[in-house]
Protein chains: 2
Amino acid sequence: MNDLAPNSDSTQTDTELAYGSIRDDIIQGHLQPGSKLKVADLRARYSVGAAPLREALSRLVGDRLVVQQTQRGFRVKEASPADVEDVGRVRNLLECEALRESLLSGKDDWEARVVASYHRLTLAEGRSKSPENLRELELRNNEFHEALVSATQSRWLLELRAQVYHHHERYRYLSRTKKNSSRDTAAEHAAIYDAVIRRDVKEACALTTDHIDRTTKSASEAMSS
Amino acid sequence: MNDLAPNSDSTQTDTELAYGSIRDDIIQGHLQPGSKLKVADLRARYSVGAAPLREALSRLVGDRLVVQQTQRGFRVKEASPADVEDVGRVRNLLECEALRESLLSGKDDWEARVVASYHRLTLAEGRSKSPENLRELELRNNEFHEALVSATQSRWLLELRAQVYHHHERYRYLSRTKKNSSRDTAAEHAAIYDAVIRRDVKEACALTTDHIDRTTKSASEAMSS
DNA sequence: CATCGATAAAATTTCGAAAATCACCACTTT
DNA sequence: AAAGTGGTGATTTTCGAAATTTTATCGATG
């Protein structure tokens, strides 16, 4: 038994490995919307057996990133302008609700988490836009938005928000080809951050809604052209 | 090849069969919260192989009805007073949003669907409360609430609402042992129906929220005793 | 020329068993 | 007694191939 990572309890099962990889590849657009997911191909790509692969795909069906058609296999979920709008709308609903509660009830450790994640986000925003820096930026963006809502009591709100967020993230990747012109996301983040620290619920929610809507609009336009 | 259902395209795969059965059994409390789901046991119970079983369980993980612990199998999701409250809160959020849009934009066919499903619900409510009639009632209740929100444009709202609804439903089954005293759900449904037909958005949402909150409260109390 | 049907190829789904891991229990040591 | 130690049976996870179904190919026919 060769244990490459010496003493870590990262006993990751093949299913989990495949799940994470396929998930990332779908979100980042390496597996295109609507494309067929043949077990034979995926077996080769991720070097895992058919069984763990199918389990991973089944989990992704639950996440709605993959659809399964009886007796004719798995496909990556389709992307469409209508769906981005929908995703954006529901993200707004969930994220604003969670943000509101966070602003009203967040304690010191929540605030510290917001400050820290915002700081890391600004650092990432300052770097040049190489492919891997863009991935880094996406990660920091995720952490920032997650930190903002993290003070809510509701596990369900957090989990559903995360699910929808990742769909929105996929659309961001899909529309990355188009240089979405006149948008200063760093400034948008700064404004949200400011309102959050001031605990200005109305302002923070309005700015977040704007922020999300801009992403939605940008992706929707990039897609219908 | 013996084709029992002559000419229906109901080519249901073993995975789908297991998925549906396990799902129902979890929701109806035949598989208790927190209980271990051993593949050997389930294989016997549902007479399907290990592979389709594990795929079904993986899908249920995505639905959050089952949790998987690395290298130590699957368990039915725990139930707790805190979780019902959470589920109820999120159901309120999603359901009211969808209901609002339905009232504002629902056309004739939506209204007809509401009328029909309400009628079937009242018929079921009129019957005696035998175990199987209770199951029937649960089905009609589901259809009624689904009809109410069905005019929304948002697929995501509908799907997420359905997911959360089923968790709420599970809590209803779990708290059925306790006769929840002074509650006239038929009257609550009637009031909601009336407000919906009048297209009174405020009233319909308020009544629905009350309706959901009562269920939440009843389940929460039944659980903490 | 399009359509239909039979056949072959490809893909999905399922099975039975092997490999890896965990849980439990008796046993030793301090 | 408490805490470690090792072994054994049960359980989870994974594999390789068989069974089943879909998809593609290719003539023959109207």
Side-chain angles (χ1 to χ4, degrees), chain A residues 1-23 25-26 31-32 34-62 65-78, chain B residues 1-23 25-26 31-32 34-62 65-78:
Chain A
M1 226 281 265
N2 45 7
D3 201 345
L4 293 182
N7 201 9
S8 73
D9 60 347
S10 72
T11 322
Q12 207 180 18
T13 178
D14 281 14
T15 299
E16 290 169 327
L17 191 118
Y19 172 78
S21 305
I22 299 175
R23 186 170 188 267
D25 280 347
I26 291 176
L31 291 169
Q32 293 199 337
S35 66
K36 194 119 193 7
L37 295 167
K38 290 188 252 204
V39 289
D41 296 357
L42 298 181
R43 254 184 53 76
R45 196 202 245 250
Y46 302 103
S47 39
V48 296
L53 209 42
R54 288 182 60 88
E55 284 184 31
L57 289 172
S58 297
R59 283 247 310 259
L60 288 165
V61 170
L65 283 168
V66 167
V67 296
Q68 183 171 22
Q69 299 167 285
T70 310
Q71 304 281 40
R72 51 193 80 164
F74 301 89
R75 293 182 160 282
V76 178
K77 162 136 187 181
E78 291 283 0
Chain B
M1 223 286 133
N2 44 9
D3 201 345
L4 294 182
N7 200 8
S8 73
D9 60 347
S10 72
T11 323
Q12 209 179 19
T13 175
D14 282 13
T15 299
E16 290 169 327
L17 190 119
Y19 172 79
S21 305
I22 300 176
R23 185 168 187 268
D25 279 348
I26 291 177
L31 290 169
Q32 292 200 336
S35 67
K36 192 117 190 14
L37 295 166
K38 289 189 252 203
V39 287
D41 296 357
L42 298 181
R43 252 181 55 75
R45 195 200 244 250
Y46 302 104
S47 40
V48 296
L53 209 42
R54 288 181 60 88
E55 285 183 31
L57 290 171
S58 298
R59 282 243 314 255
L60 289 165
V61 170
L65 284 167
V66 167
V67 296
Q68 182 171 25
Q69 299 168 285
T70 309
Q71 304 283 38
R72 55 192 78 165
F74 301 89
R75 303 186 91 85
V76 178
K77 162 136 187 183
E78 291 283 1

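First the proteins, then the strands, lettered A, B, ... as listed; each starts at 1. Basis for what follows: all heavy atoms, side chains included, without hydrogens, waters or symmetry-related copies.
Under the side-chain contact (heavy atoms from CB on, under 4.5 Å) criterion, B/Arg75 pairs with B/Lys36, B/Val67, B/Gln69, sequence neighbours left out. With sequence neighbours left out, A/Ser35 forms a side chain to side chain donor-acceptor pair (under 3.5 Å) with no residue at all.
Atom CZ in B/Arg43 sits about 16 Å away from atom P in D/dT13, given to the nearest Å. Taking atom CD of residue A/Gln12 and atom C1' of nucleotide D/dT14, one finds them 15 Å apart after rounding to whole Å. The separation between B/Asp14 atom CG and C/dG16 atom P is 12 Å, rounded to whole Å. If you take CG of B/Leu57 and C1' of D/dT14, they are 16 Å apart, rounded to a whole angstrom. As a whole-Å value, the separation of B/Glu55 CD from D/dT13 P is 14 Å. In this structure, B/Leu53 places its CG atom 16 Å from P of D/dT14, rounding to the nearest Å.
Look at A/Thr15 and you'll find a side-chain N or O under 4.0 angstrom from OP1 or OP2 of D/dT14.
The CZ atom of A/Arg72 sits 8.5 Å away from the OG1 atom of A/Thr70 when rounded to the nearest 0.5 Å. B/Gln68 CD to B/Leu60 CG: the interatomic distance, rounded to the nearest 0.5 Å, is 11.5 Å.
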Cut-off 3.5 Å, no hydrogens considered: what does the side-chain donor-acceptor table look like for residues 46-54 of chain A, sequence neighbours left out?
unit_1: A/Tyr46; atom_1: OH; unit_2: A/Asp25; atom_2: OD2; d: 2.7
unit_1: A/Arg54; atom_1: NE; unit_2: B/Glu55; atom_2: OE2; d: 2.6
unit_1: A/Arg54; atom_1: NH2; unit_2: B/Glu55; atom_2: OE1; d: 3.1
unit_1: A/Arg54; atom_1: NH2; unit_2: B/Glu55; atom_2: OE2; d: 3.4

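Nearest heavy-atom pair across B/Leu31 and B/Arg45 is CD2-NH2, 3.6 Å.
With a 4.5 Å cut-off on side-chain heavy atoms, B/Ile22 and B/Ile26 count as touching. Side-chain contact check for B/Gln32 versus B/Val76: every heavy-atom pair is 4.5 Å or farther apart.
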Identify all pairs in which a protein N or O lies below 3.5 Å from an N or O of nucleotides 5-8 of chain D, and state each distance.
none

If you restrict it to nitrogen or oxygen atoms, what contacts under 3.5 Å exist between nucleotides 9-12 of chain D and the protein, and what is each distance?
unit_1: D/dT11; atom_1: OP1; unit_2: B/Lys38; atom_2: NZ; d: 3.1
unit_1: D/dT12; atom_1: OP1; unit_2: B/Lys36; atom_2: NZ; d: 2.8

